[in-house]
Protein chains: 2
Amino acid sequence: MSDAYYLRLTDRLRELLSDPHACEEGRLPAERTLAERFRTTRVTLRQALAQLEGEGRIHRSNRRGWFVSPARLDYDPTRDAGFNDYVRAQGRRPRTEVLLTDTRPYPTAAEALGLPADQPFCHIRRRRFVDDRAVLAESLWVVPERAPGLLEGDYASHSLWGQLRSRWGLSLTHRSLRLYSEALPEREAAELGVAAGTAGLSVRRTIFDERRRPVEYDEEHWLHDALCITVELDGKA
Amino acid sequence: MSDAYYLRLTDRLRELLSDPHACEEGRLPAERTLAERFRTTRVTLRQALAQLEGEGRIHRSNRRGWFVSPARLDYDPTRDAGFNDYVRAQGRRPRTEVLLTDTRPYPTAAEALGLPADQPFCHIRRRRFVDDRAVLAESLWVVPERAPGLLEGDYASHSLWGQLRSRWGLSLTHRSLRLYSEALPEREAAELGVAAGTAGLSVRRTIFDERRRPVEYDEEHWLHDALCITVELDGKA
DNA sequence: CAGTGGTCTAGACCACCCA
DNA sequence: GGGTGGTCTAGACCACTGT
(Lines give C-alpha, C1' and ligand atoms only; values in the text may rest on other atoms or scores of the structure.)
Protein backbone atom coordinates (compact mmCIF):
# COMPACT_ATOMS: atom_id res chain seq x y z
CA MET A 1 0.00 0.00 0.00
CA SER A 2 2.97 2.33 0.05
CA ASP A 3 2.28 2.93 -3.62
CA ALA A 4 -0.55 5.30 -2.76
CA TYR A 5 0.09 8.54 -4.52
CA TYR A 6 -0.35 10.66 -1.41
CA LEU A 7 2.38 8.67 0.34
CA ARG A 8 4.81 9.24 -2.50
CA LEU A 9 3.76 12.87 -2.30
CA THR A 10 4.85 13.05 1.32
CA ASP A 11 8.31 11.88 0.27
CA ARG A 12 8.58 14.60 -2.34
CA LEU A 13 7.23 17.17 0.09
CA ARG A 14 9.80 16.10 2.67
CA GLU A 15 12.51 16.85 0.13
CA LEU A 16 10.92 20.20 -0.48
CA LEU A 17 10.91 20.94 3.25
CA SER A 18 14.63 20.33 3.51
CA ASP A 19 15.29 22.74 0.65
CA PRO A 20 15.69 26.16 2.24
CA HIS A 21 15.04 27.95 -1.06
CA ALA A 22 11.70 26.26 -1.64
CA CYS A 23 10.01 27.52 1.52
CA GLU A 24 10.82 31.09 2.23
CA GLU A 25 10.35 32.03 5.87
CA GLY A 26 9.42 28.43 6.57
CA ARG A 27 6.18 28.80 4.69
CA LEU A 28 5.03 26.28 2.11
CA PRO A 29 3.61 27.27 -1.27
CA ALA A 30 -0.17 27.44 -1.54
CA GLU A 31 -2.11 24.20 -1.72
CA ARG A 32 -3.35 24.98 -5.21
CA THR A 33 0.19 25.65 -6.39
CA LEU A 34 1.46 22.39 -4.90
CA ALA A 35 -1.47 20.41 -6.27
CA GLU A 36 -0.74 21.73 -9.76
CA ARG A 37 2.99 21.12 -9.45
CA PHE A 38 2.44 17.50 -8.42
CA ARG A 39 -0.38 17.03 -10.92
CA THR A 40 -3.03 16.04 -8.47
CA THR A 41 -6.07 17.52 -6.76
CA ARG A 42 -6.19 19.53 -3.59
CA VAL A 43 -7.92 16.68 -1.80
CA THR A 44 -5.04 14.28 -2.38
CA LEU A 45 -2.46 16.94 -1.69
CA ARG A 46 -4.15 17.76 1.60
CA GLN A 47 -4.05 14.09 2.52
CA ALA A 48 -0.27 14.22 2.13
CA LEU A 49 -0.06 17.44 4.12
CA ALA A 50 -2.15 15.91 6.90
CA GLN A 51 0.28 13.02 7.02
CA LEU A 52 3.24 15.36 7.47
CA GLU A 53 1.26 17.28 10.07
CA GLY A 54 0.81 14.04 12.01
CA GLU A 55 4.56 13.49 11.84
CA GLY A 56 5.04 16.93 13.37
CA ARG A 57 6.97 18.27 10.37
CA ILE A 58 4.53 20.98 9.33
CA HIS A 59 1.60 22.81 10.85
CA ARG A 60 -1.03 25.27 9.75
CA SER A 61 -1.96 28.59 11.20
CA ASN A 62 -5.56 29.76 10.94
CA ARG A 63 -6.20 30.20 7.25
CA ARG A 64 -2.81 31.63 6.58
CA GLY A 65 -1.03 28.60 5.22
CA TRP A 66 1.29 25.73 6.04
CA PHE A 67 4.56 26.23 7.85
CA VAL A 68 7.59 24.13 8.61
CA SER A 69 7.47 23.08 12.26
CA PRO A 70 10.48 23.98 14.38
CA ALA A 71 12.31 21.47 16.56
CA ARG A 72 10.35 20.18 19.55
CA LEU A 73 10.85 21.80 22.90
CA ASP A 74 12.23 19.55 25.63
CA TYR A 75 10.02 19.81 28.68
CA ASP A 76 10.24 18.07 32.03
CA PRO A 77 6.89 18.50 33.80
CA THR A 78 8.30 17.08 37.03
CA ARG A 79 10.63 20.03 37.52
CA ASP A 80 9.80 23.58 38.35
CA ALA A 81 12.29 25.30 36.12
CA GLY A 82 10.32 28.25 34.81
CA PHE A 83 9.02 28.13 31.28
CA ASN A 84 11.03 31.23 30.43
CA ASP A 85 14.21 29.62 31.71
CA TYR A 86 14.09 26.34 29.92
CA VAL A 87 12.84 27.79 26.67
CA ARG A 88 15.72 30.25 26.64
CA ALA A 89 18.14 27.51 27.65
CA GLN A 90 17.20 25.79 24.39
CA GLY A 91 17.95 28.87 22.37
CA ARG A 92 14.32 29.82 21.84
CA ARG A 93 12.31 32.91 22.71
CA PRO A 94 9.57 32.47 25.32
CA ARG A 95 6.52 34.65 25.88
CA THR A 96 3.56 34.35 28.22
CA GLU A 97 0.13 35.97 28.15
CA VAL A 98 -2.15 35.83 31.14
CA LEU A 99 -5.66 35.36 29.79
CA LEU A 100 -7.52 35.66 33.07
CA THR A 101 -7.25 35.31 36.80
CA ASP A 102 -10.02 34.78 39.30
CA THR A 103 -10.97 32.87 42.41
CA ARG A 104 -13.63 30.25 42.14
CA PRO A 105 -14.41 26.56 42.69
CA TYR A 106 -13.47 23.92 40.14
CA PRO A 107 -14.79 20.48 40.98
CA THR A 108 -12.24 18.64 38.80
CA ALA A 109 -9.33 20.22 40.66
CA ALA A 110 -11.07 19.67 43.96
CA GLU A 111 -11.53 15.99 43.24
CA ALA A 112 -7.91 15.54 42.16
CA LEU A 113 -6.74 17.23 45.36
CA GLY A 114 -9.22 15.48 47.61
CA LEU A 115 -11.09 18.66 48.56
CA PRO A 116 -14.81 19.42 48.70
CA ALA A 117 -16.31 20.31 45.33
CA ASP A 118 -17.10 23.87 46.38
CA GLN A 119 -13.52 24.60 47.45
CA PRO A 120 -12.46 27.89 45.81
CA PHE A 121 -9.09 28.16 44.05
CA CYS A 122 -6.82 30.89 42.81
CA HIS A 123 -7.14 30.37 39.10
CA ILE A 124 -4.65 31.55 36.48
CA ARG A 125 -5.21 30.91 32.81
CA ARG A 126 -2.44 31.68 30.39
CA ARG A 127 -1.11 31.09 26.92
CA ARG A 128 2.55 30.52 26.21
CA PHE A 129 4.60 31.07 23.10
CA VAL A 130 7.87 29.76 21.74
CA ASP A 131 9.37 32.00 19.08
CA ASP A 132 5.98 33.72 18.73
CA ARG A 133 4.12 30.50 18.09
CA ALA A 134 1.41 29.77 20.64
CA VAL A 135 2.10 26.22 21.78
CA LEU A 136 0.45 25.87 25.17
CA ALA A 137 -2.84 26.84 26.81
CA GLU A 138 -3.04 26.10 30.51
CA SER A 139 -5.00 26.67 33.67
CA LEU A 140 -3.57 26.54 37.18
CA TRP A 141 -5.65 26.07 40.32
CA VAL A 142 -3.85 26.88 43.55
CA VAL A 143 -5.29 26.26 47.00
CA PRO A 144 -5.59 29.83 48.39
CA GLU A 145 -4.56 28.86 51.92
CA ARG A 146 -1.18 27.66 50.64
CA ALA A 147 -0.29 30.88 48.87
CA PRO A 148 -2.19 33.89 50.24
CA GLY A 149 -1.94 36.93 48.01
CA LEU A 150 -0.77 34.90 45.03
CA LEU A 151 -2.88 36.71 42.47
CA GLU A 152 -1.50 40.08 43.55
CA GLY A 153 2.05 38.99 42.77
CA ASP A 154 4.06 38.79 39.59
CA TYR A 155 2.96 35.31 38.66
CA ALA A 156 3.64 35.75 34.96
CA SER A 157 7.34 36.40 34.65
CA HIS A 158 8.65 34.03 37.30
CA SER A 159 8.31 30.32 37.86
CA LEU A 160 5.14 29.69 39.82
CA TRP A 161 6.61 26.64 41.53
CA GLY A 162 9.71 28.63 42.39
CA GLN A 163 7.53 31.28 44.04
CA LEU A 164 5.53 28.70 45.96
CA ARG A 165 8.82 27.52 47.42
CA SER A 166 10.50 30.85 48.05
CA ARG A 167 7.58 33.10 49.03
CA TRP A 168 5.45 30.61 50.89
CA GLY A 169 8.06 28.04 51.91
CA LEU A 170 6.15 25.18 50.35
CA SER A 171 7.82 21.93 49.41
CA LEU A 172 6.23 20.32 46.39
CA THR A 173 6.93 16.81 47.53
CA HIS A 174 4.21 14.63 46.05
CA ARG A 175 3.64 15.15 42.38
CA SER A 176 1.30 13.14 40.24
CA LEU A 177 1.27 13.42 36.50
CA ARG A 178 -1.18 12.21 33.88
CA LEU A 179 -0.73 12.75 30.18
CA TYR A 180 -2.26 11.51 26.99
CA SER A 181 -2.75 12.53 23.40
CA GLU A 182 -5.97 14.27 22.56
CA ALA A 183 -7.80 16.36 20.01
CA LEU A 184 -7.61 19.94 21.25
CA PRO A 185 -10.95 21.09 22.68
CA GLU A 186 -12.66 24.03 21.02
CA ARG A 187 -11.57 26.56 23.60
CA GLU A 188 -7.89 25.66 23.65
CA ALA A 189 -7.79 25.36 19.88
CA ALA A 190 -9.18 28.88 19.57
CA GLU A 191 -6.67 30.23 22.08
CA LEU A 192 -3.82 28.64 20.16
CA GLY A 193 -5.14 29.80 16.81
CA VAL A 194 -5.60 26.33 15.33
CA ALA A 195 -8.56 24.34 14.09
CA ALA A 196 -10.66 22.52 16.66
CA GLY A 197 -9.61 18.90 16.73
CA THR A 198 -5.96 19.57 16.00
CA ALA A 199 -3.80 16.93 17.65
CA GLY A 200 -2.60 17.89 21.10
CA LEU A 201 -1.07 16.55 24.26
CA SER A 202 -2.84 16.93 27.58
CA VAL A 203 -0.79 17.13 30.78
CA ARG A 204 -2.41 17.25 34.22
CA ARG A 205 -0.44 17.68 37.42
CA THR A 206 -1.54 17.32 41.01
CA ILE A 207 0.74 18.61 43.74
CA PHE A 208 0.85 18.00 47.51
CA ASP A 209 3.40 19.32 49.97
CA GLU A 210 5.54 17.27 52.35
CA ARG A 211 2.66 17.09 54.85
CA ARG A 212 0.43 15.84 52.04
CA ARG A 213 -1.57 19.03 52.05
CA PRO A 214 -3.05 19.81 48.63
CA VAL A 215 -1.23 22.65 46.90
CA GLU A 216 -2.02 22.88 43.24
CA TYR A 217 -3.65 21.28 40.21
CA ASP A 218 -3.11 22.27 36.62
CA GLU A 219 -4.17 21.32 33.13
CA GLU A 220 -1.95 21.95 30.15
CA HIS A 221 -2.87 21.58 26.49
CA TRP A 222 0.10 21.52 24.11
CA LEU A 223 0.27 21.39 20.36
CA HIS A 224 1.28 17.81 19.67
CA ASP A 225 4.28 18.70 17.54
CA ALA A 226 5.67 21.34 19.88
CA LEU A 227 7.21 19.27 22.60
CA CYS A 228 9.11 16.24 23.73
CA ILE A 229 8.42 15.24 27.32
CA THR A 230 11.47 14.23 29.31
CA VAL A 231 11.62 12.87 32.81
CA GLU A 232 14.78 12.16 34.78
CA LEU A 233 14.47 9.89 37.80
CA ASP A 234 16.96 8.92 40.45
CA GLY A 235 16.25 6.39 43.13
CA LYS A 236 14.08 3.35 43.48
CA ALA A 237 10.81 3.08 41.68
CA MET B 1 -16.79 27.63 12.46
CA SER B 2 -18.52 25.09 14.63
CA ASP B 3 -21.34 25.16 12.09
CA ALA B 4 -19.33 22.93 9.78
CA TYR B 5 -21.46 19.96 8.92
CA TYR B 6 -18.78 17.41 9.77
CA LEU B 7 -18.51 18.86 13.28
CA ARG B 8 -22.24 18.54 13.84
CA LEU B 9 -21.85 15.04 12.47
CA THR B 10 -19.34 14.19 15.18
CA ASP B 11 -21.92 15.20 17.78
CA ARG B 12 -24.52 12.91 16.29
CA LEU B 13 -21.99 10.11 15.95
CA ARG B 14 -21.02 10.53 19.57
CA GLU B 15 -24.65 9.95 20.52
CA LEU B 16 -24.64 6.89 18.33
CA LEU B 17 -21.51 5.58 20.06
CA SER B 18 -23.17 5.79 23.45
CA ASP B 19 -26.15 3.80 22.20
CA PRO B 20 -25.32 0.16 22.81
CA HIS B 21 -27.93 -1.03 20.32
CA ALA B 22 -26.54 1.03 17.44
CA CYS B 23 -23.09 -0.54 17.40
CA GLU B 24 -23.23 -4.25 17.90
CA GLU B 25 -19.98 -5.71 19.15
CA GLY B 26 -18.55 -2.20 19.29
CA ARG B 27 -18.53 -1.97 15.53
CA LEU B 28 -19.91 1.03 13.65
CA PRO B 29 -22.17 0.72 10.62
CA ALA B 30 -20.49 0.94 7.23
CA GLU B 31 -19.37 4.34 5.99
CA ARG B 32 -21.78 4.24 3.07
CA THR B 33 -24.63 3.43 5.42
CA LEU B 34 -23.75 6.29 7.74
CA ALA B 35 -23.24 8.72 4.86
CA GLU B 36 -26.69 7.90 3.55
CA ARG B 37 -28.28 8.10 6.97
CA PHE B 38 -26.82 11.55 7.58
CA ARG B 39 -27.46 12.68 4.01
CA THR B 40 -23.91 13.52 3.14
CA THR B 41 -21.02 12.07 1.17
CA ARG B 42 -18.43 9.59 2.31
CA VAL B 43 -15.76 12.28 2.20
CA THR B 44 -17.53 14.46 4.73
CA LEU B 45 -18.51 11.50 6.85
CA ARG B 46 -14.90 10.32 6.93
CA GLN B 47 -13.83 13.77 8.04
CA ALA B 48 -16.12 13.37 11.03
CA LEU B 49 -14.81 9.86 11.71
CA ALA B 50 -11.22 11.12 11.56
CA GLN B 51 -12.13 13.74 14.13
CA LEU B 52 -13.47 11.10 16.51
CA GLU B 53 -10.41 8.98 15.82
CA GLY B 54 -8.23 11.90 16.90
CA GLU B 55 -10.25 12.15 20.09
CA GLY B 56 -9.51 8.50 20.74
CA ARG B 57 -13.17 7.46 20.67
CA ILE B 58 -13.03 5.16 17.66
CA HIS B 59 -10.38 3.39 15.65
CA ARG B 60 -10.20 1.36 12.46
CA SER B 61 -8.77 -2.05 11.86
CA ASN B 62 -7.27 -2.75 8.44
CA ARG B 63 -10.15 -2.59 6.02
CA ARG B 64 -12.56 -4.24 8.36
CA GLY B 65 -14.35 -1.23 9.69
CA TRP B 66 -14.60 1.28 12.52
CA PHE B 67 -14.77 0.22 16.13
CA VAL B 68 -15.50 1.91 19.42
CA SER B 69 -12.24 2.39 21.31
CA PRO B 70 -12.09 0.97 24.83
CA ALA B 71 -10.99 2.98 27.85
CA ARG B 72 -7.33 3.99 27.91
CA LEU B 73 -4.88 1.85 29.81
CA ASP B 74 -3.10 3.58 32.70
CA TYR B 75 0.62 3.05 32.34
CA ASP B 76 3.48 4.26 34.50
CA PRO B 77 6.70 3.85 32.51
CA THR B 78 8.81 4.67 35.56
CA ARG B 79 7.75 1.51 37.35
CA ASP B 80 8.63 -2.04 36.55
CA ALA B 81 5.29 -3.63 37.25
CA GLY B 82 4.99 -6.18 34.48
CA PHE B 83 2.67 -5.46 31.58
CA ASN B 84 0.65 -8.56 32.42
CA ASP B 85 0.20 -7.41 35.99
CA TYR B 86 -0.99 -3.90 35.45
CA VAL B 87 -3.21 -4.78 32.52
CA ARG B 88 -4.95 -7.42 34.61
CA ALA B 89 -5.13 -5.04 37.56
CA GLN B 90 -7.26 -2.82 35.38
CA GLY B 91 -9.60 -5.65 34.52
CA ARG B 92 -8.24 -6.19 31.02
CA ARG B 93 -6.70 -9.19 29.30
CA PRO B 94 -3.00 -8.92 28.39
CA ARG B 95 -1.10 -10.90 25.78
CA THR B 96 2.44 -10.69 24.49
CA GLU B 97 4.05 -11.99 21.31
CA VAL B 98 7.80 -12.10 20.94
CA LEU B 99 8.55 -11.15 17.35
CA LEU B 100 12.27 -11.75 17.40
CA THR B 101 15.35 -11.96 19.61
CA ASP B 102 18.94 -11.57 18.62
CA THR B 103 22.23 -10.05 19.69
CA ARG B 104 23.62 -7.20 17.66
CA PRO B 105 24.78 -3.59 17.83
CA TYR B 106 22.34 -0.71 17.71
CA PRO B 107 24.00 2.70 17.53
CA THR B 108 20.97 4.59 18.83
CA ALA B 109 20.89 2.53 22.03
CA ALA B 110 24.66 2.74 22.31
CA GLU B 111 24.57 6.52 22.10
CA ALA B 112 21.79 6.81 24.66
CA LEU B 113 23.74 4.60 27.06
CA GLY B 114 27.11 6.21 26.35
CA LEU B 115 28.63 3.09 24.81
CA PRO B 116 30.64 2.64 21.60
CA ALA B 117 28.51 2.38 18.49
CA ASP B 118 29.52 -1.24 17.83
CA GLN B 119 28.48 -2.39 21.31
CA PRO B 120 26.29 -5.50 20.89
CA PHE B 121 23.01 -5.80 22.81
CA CYS B 122 20.55 -8.50 23.69
CA HIS B 123 17.59 -7.42 21.60
CA ILE B 124 13.99 -8.43 22.19
CA ARG B 125 11.23 -7.23 19.92
CA ARG B 126 7.64 -7.83 20.91
CA ARG B 127 4.06 -6.89 20.34
CA ARG B 128 1.58 -6.54 23.17
CA PHE B 129 -2.18 -6.79 23.24
CA VAL B 130 -4.93 -5.58 25.50
CA ASP B 131 -8.17 -7.52 25.08
CA ASP B 132 -6.82 -8.89 21.79
CA ARG B 133 -6.15 -5.47 20.35
CA ALA B 134 -2.48 -4.90 19.46
CA VAL B 135 -1.61 -1.62 21.15
CA LEU B 136 2.17 -1.63 21.54
CA ALA B 137 5.22 -2.55 19.45
CA GLU B 138 8.51 -2.34 21.29
CA SER B 139 12.17 -3.20 21.16
CA LEU B 140 14.40 -3.69 24.19
CA TRP B 141 18.20 -3.48 24.09
CA VAL B 142 19.93 -4.90 27.17
CA VAL B 143 23.67 -4.65 27.82
CA PRO B 144 24.71 -8.34 27.77
CA GLU B 145 27.25 -7.99 30.58
CA ARG B 146 24.49 -6.90 32.97
CA ALA B 147 22.26 -9.89 32.34
CA PRO B 148 24.18 -12.90 30.99
CA GLY B 149 21.93 -15.60 29.62
CA LEU B 150 18.96 -13.26 29.39
CA LEU B 151 17.75 -14.52 26.02
CA GLU B 152 17.66 -18.10 27.26
CA GLY B 153 15.22 -17.22 30.03
CA ASP B 154 11.48 -16.71 30.10
CA TYR B 155 11.54 -13.05 29.18
CA ALA B 156 8.02 -13.01 27.81
CA SER B 157 5.77 -13.91 30.69
CA HIS B 158 7.51 -12.10 33.52
CA SER B 159 8.45 -8.49 34.07
CA LEU B 160 11.82 -7.89 32.47
CA TRP B 161 12.74 -5.24 35.03
CA GLY B 162 11.69 -7.57 37.80
CA GLN B 163 14.02 -10.24 36.43
CA LEU B 164 16.90 -7.79 36.10
CA ARG B 165 16.49 -7.10 39.80
CA SER B 166 15.90 -10.61 41.07
CA ARG B 167 18.07 -12.74 38.78
CA TRP B 168 20.97 -10.38 38.29
CA GLY B 169 20.68 -8.20 41.38
CA LEU B 170 20.58 -5.00 39.39
CA SER B 171 19.16 -1.80 40.79
CA LEU B 172 17.58 0.36 38.13
CA THR B 173 18.44 3.60 39.81
CA HIS B 174 18.81 6.19 37.07
CA ARG B 175 15.96 6.23 34.61
CA SER B 176 15.55 8.70 31.83
CA LEU B 177 12.34 8.96 29.85
CA ARG B 178 11.52 10.72 26.61
CA LEU B 179 8.10 10.69 25.01
CA TYR B 180 6.31 12.50 22.27
CA SER B 181 3.43 12.05 19.88
CA GLU B 182 4.27 10.70 16.46
CA ALA B 183 2.87 9.19 13.31
CA LEU B 184 3.53 5.46 13.56
CA PRO B 185 6.39 4.39 11.30
CA GLU B 186 5.63 1.89 8.57
CA ARG B 187 7.07 -1.09 10.44
CA GLU B 188 5.26 -0.49 13.72
CA ALA B 189 2.02 0.33 11.92
CA ALA B 190 2.22 -2.97 10.07
CA GLU B 191 2.93 -4.89 13.28
CA LEU B 192 -0.07 -3.28 14.95
CA GLY B 193 -2.31 -3.82 11.94
CA VAL B 194 -3.07 -0.15 11.32
CA ALA B 195 -2.41 2.25 8.46
CA ALA B 196 1.02 3.84 8.27
CA GLY B 197 0.84 7.30 9.73
CA THR B 198 -1.76 6.44 12.36
CA ALA B 199 -1.27 8.63 15.42
CA GLY B 200 0.97 7.07 18.04
CA LEU B 201 2.96 7.81 21.15
CA SER B 202 6.66 7.10 21.28
CA VAL B 203 8.29 6.29 24.63
CA ARG B 204 12.03 5.80 25.01
CA ARG B 205 13.69 4.76 28.25
CA THR B 206 17.34 4.69 29.21
CA ILE B 207 18.38 2.85 32.37
CA PHE B 208 21.55 2.91 34.47
CA ASP B 209 22.18 1.06 37.71
CA GLU B 210 23.23 2.57 41.04
CA ARG B 211 26.87 2.64 39.91
CA ARG B 212 25.77 4.46 36.74
CA ARG B 213 26.57 1.48 34.60
CA PRO B 214 24.39 1.28 31.48
CA VAL B 215 21.73 -1.41 31.74
CA GLU B 216 19.03 -1.06 29.14
CA TYR B 217 17.46 1.08 26.44
CA ASP B 218 14.03 0.57 24.91
CA GLU B 219 11.71 2.09 22.37
CA GLU B 220 7.96 1.72 22.63
CA HIS B 221 5.38 2.68 20.03
CA TRP B 222 1.81 2.84 21.33
CA LEU B 223 -1.46 3.49 19.59
CA HIS B 224 -2.28 7.04 20.62
CA ASP B 225 -5.73 6.23 21.96
CA ALA B 226 -4.68 3.17 23.94
CA LEU B 227 -3.02 4.71 26.93
CA CYS B 228 -2.80 7.38 29.56
CA ILE B 229 0.69 7.89 30.95
CA THR B 230 0.85 8.35 34.71
CA VAL B 231 3.84 9.18 36.82
CA GLU B 232 3.93 9.36 40.61
CA LEU B 233 6.81 11.19 42.22
CA ASP B 234 7.83 11.58 45.83
CA GLY B 235 10.69 13.75 46.95
CA LYS B 236 12.33 16.89 45.79
CA ALA B 237 12.50 17.73 42.11
C1' DC C 1 -18.30 -13.21 -4.38
C1' DA C 2 -20.18 -9.24 -1.96
C1' DG C 3 -19.03 -5.77 1.16
C1' DT C 4 -15.73 -2.94 3.36
C1' DG C 5 -12.59 0.85 3.72
C1' DG C 6 -8.70 3.28 0.88
C1' DT C 7 -7.78 6.32 -2.65
C1' DC C 8 -8.69 9.70 -6.12
C1' DT C 9 -10.97 13.10 -9.48
C1' DA C 10 -12.71 17.78 -10.86
C1' DG C 11 -14.93 20.68 -9.78
C1' DA C 12 -17.64 24.32 -6.26
C1' DC C 13 -18.61 27.93 -2.67
C1' DC C 14 -17.47 29.99 1.75
C1' DA C 15 -14.85 32.39 5.63
C1' DC C 16 -11.08 34.58 6.82
C1' DC C 17 -6.46 37.16 6.39
C1' DC C 18 -3.79 40.61 4.61
C1' DA C 19 -2.41 44.30 1.74
C1' DG D 1 -10.34 42.50 -3.34
C1' DG D 2 -7.39 38.82 -4.19
C1' DG D 3 -5.52 34.88 -2.20
C1' DT D 4 -5.57 31.48 1.34
C1' DG D 5 -7.23 27.39 3.55
C1' DG D 6 -11.90 25.09 5.07
C1' DT D 7 -15.66 22.61 3.59
C1' DC D 8 -18.48 19.94 0.53
C1' DT D 9 -20.49 17.32 -3.64
C1' DA D 10 -21.22 13.13 -6.54
C1' DG D 11 -19.35 10.29 -8.37
C1' DA D 12 -15.29 6.39 -9.55
C1' DC D 13 -12.06 2.38 -9.17
C1' DC D 14 -8.97 -0.41 -6.30
C1' DA D 15 -7.38 -3.64 -2.49
C1' DC D 16 -8.49 -6.21 0.96
C1' DT D 17 -11.62 -9.04 4.24
C1' DG D 18 -14.73 -12.33 5.07
C1' DT D 19 -18.07 -15.92 3.41
Side-chain angles (χ1 to χ4, degrees), chain A residues 1-13 23-54 58-68 132 134 183-184 186 189-190 192-199, chain B residues 1-13 23-54 58-68 134 183-184 186 189-190 192-198:
Chain A
M1 287 304 293
S2 74
D3 51 345
Y5 188 55
Y6 82 93
L7 288 177
R8 275 179 292 149
L9 254 186
T10 61
D11 294 334
R12 298 176 66 181
L13 287 169
C23 322
E24 55 173 310
E25 310 261 337
R27 180 176 187 160
L28 274 72
E31 291 181 358
R32 288 169 178 82
T33 307
L34 289 171
E36 193 177 1
R37 181 185 309 177
F38 294 116
R39 299 178 189 288
T40 183
T41 57
R42 268 182 75 206
V43 176
T44 301
L45 176 86
R46 279 170 63 85
Q47 206 171 352
L49 291 173
Q51 182 82 9
L52 295 171
E53 186 183 32
I58 61 175
H59 64 273
R60 48 188 129 180
S61 171
N62 283 325
R63 288 157 192 273
R64 300 194 302 116
W66 292 89
F67 298 84
V68 179
D132 286 323
L184 289 175
E186 215 161 317
L192 298 178
V194 299
T198 299
Chain B
M1 288 303 295
S2 73
D3 51 345
Y5 188 54
Y6 82 93
L7 287 177
R8 274 180 291 148
L9 255 186
T10 61
D11 294 333
R12 299 178 65 182
L13 287 169
C23 319
E24 54 174 310
E25 310 262 336
R27 180 176 188 161
L28 274 72
E31 292 181 359
R32 288 169 178 82
T33 308
L34 290 171
E36 191 177 4
R37 180 185 310 178
F38 294 116
R39 300 180 189 287
T40 182
T41 57
R42 270 182 75 207
V43 176
T44 300
L45 176 85
R46 280 169 65 84
Q47 206 172 352
L49 292 173
Q51 182 81 10
L52 295 171
E53 186 183 34
I58 61 175
H59 64 274
R60 49 188 129 180
S61 171
N62 284 326
R63 288 157 193 274
R64 300 197 300 117
W66 292 89
F67 299 83
V68 180
L184 290 175
E186 214 162 316
L192 298 178
V194 299
T198 299

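To find a chain, count down the sequence lines: A is the first, B the second, and so on, and within it residues start at 1.
- Taking atom CZ of residue Arg39(A) and atom P of nucleotide dT9(C), one finds them 13 Å apart after rounding to whole Å.
- Annotation: side-chain hydrogen bond (donor to acceptor under 3.5 Å, both in side chains) contacts of Arg32(A) (sequence neighbours excluded): none.
- Rounded to a whole Å, the CD atom of Glu53(A) is 13 Å from the P atom of dG5(D).
- Rounding to whole angstrom units, CH2 of residue Trp66(B) and C1' of dG6(C) are separated by 11 Å.
- Within the 4.0 Å cut-off from OP1 or OP2 of dT7(C), not a single side-chain nitrogen or oxygen of Thr44(A) is found.
- DNA chain C is contacted by both Thr33(B) and Arg42(A); Thr33(B) maps to the nucleotide lying nearer its 5′ end (nearest heavy atom per residue).
- Closest approach to the Val43(B) side chain among dA10(D), dC16(C), dA10(C) is made by dA10(D) (side chain taken as heavy atoms from C-beta onward).
- Distance check: Leu9(B) CG to Leu34(B) CG gives 9.0 Å after rounding to the nearest 0.5 Å.
- Among the nucleotides dA15(C), dT9(D), dA15(D), the one closest to any side-chain atom of Arg63(B) is dA15(D).
- The side-chain hydrogen bond (donor to acceptor under 3.5 Å, both in side chains) test with Ser61(A) is passed by exactly one of Arg64(A), His59(A), Arg63(A): Arg64(A).
- For the pair Arg60(B) and dG6(C), the criterion of a side-chain N or O lying under 4.0 Å from OP1 or OP2 is met.
- Rounded to an integer number of Å, the gap from CZ of Arg32(B) to P of dA12(D) is 12 Å.
- OP1 or OP2 of dG6(C) has at least one side-chain nitrogen or oxygen of Arg46(B) nearer than 4.0 Å.
- Atoms CG (Leu7(B)) and P (dA15(C)) sit 15 Å apart, rounded to a whole Å.
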> Going through the checks in order, is the side chain to side chain contact (heavy atoms under 4.5 Å, CB included) test met by Leu49(A) and Leu28(A)?
Replying inline: CA-CA 10 Å; Leu49(A) 291 173; Leu28(A) 274 72; 4.1 Å; yes
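- Contact check, Thr40(A) against dC8(C): no side-chain N or O comes under 4.0 Å of OP1 or OP2.
- If you take OH of Tyr6(B) and C1' of dC8(D), they are 12 Å apart, rounded to a whole angstrom.
- When rounded to the nearest whole Å, the span between CD1 of Ile58(A) and C1' of dG5(D) equals 13 Å.
- We find that CD of Gln47(B) is positioned 16 Å from P of dT7(C), with the value rounded to whole Å.
- OP1 and OP2 of dC8(C) both lie 4.0 Å or more from every side-chain N or O belonging to Tyr5(A).
- With dT17(D), dT9(D), dG5(C) as the candidates, the nucleotide lying closest to the side chain of Glu31(B) is dG5(C).
- Residues passing the side-chain hydrogen bond (donor to acceptor under 3.5 Å, both in side chains) test with Glu31(A) are Arg42(A), Arg46(A), Trp66(A), sequence neighbours excluded.
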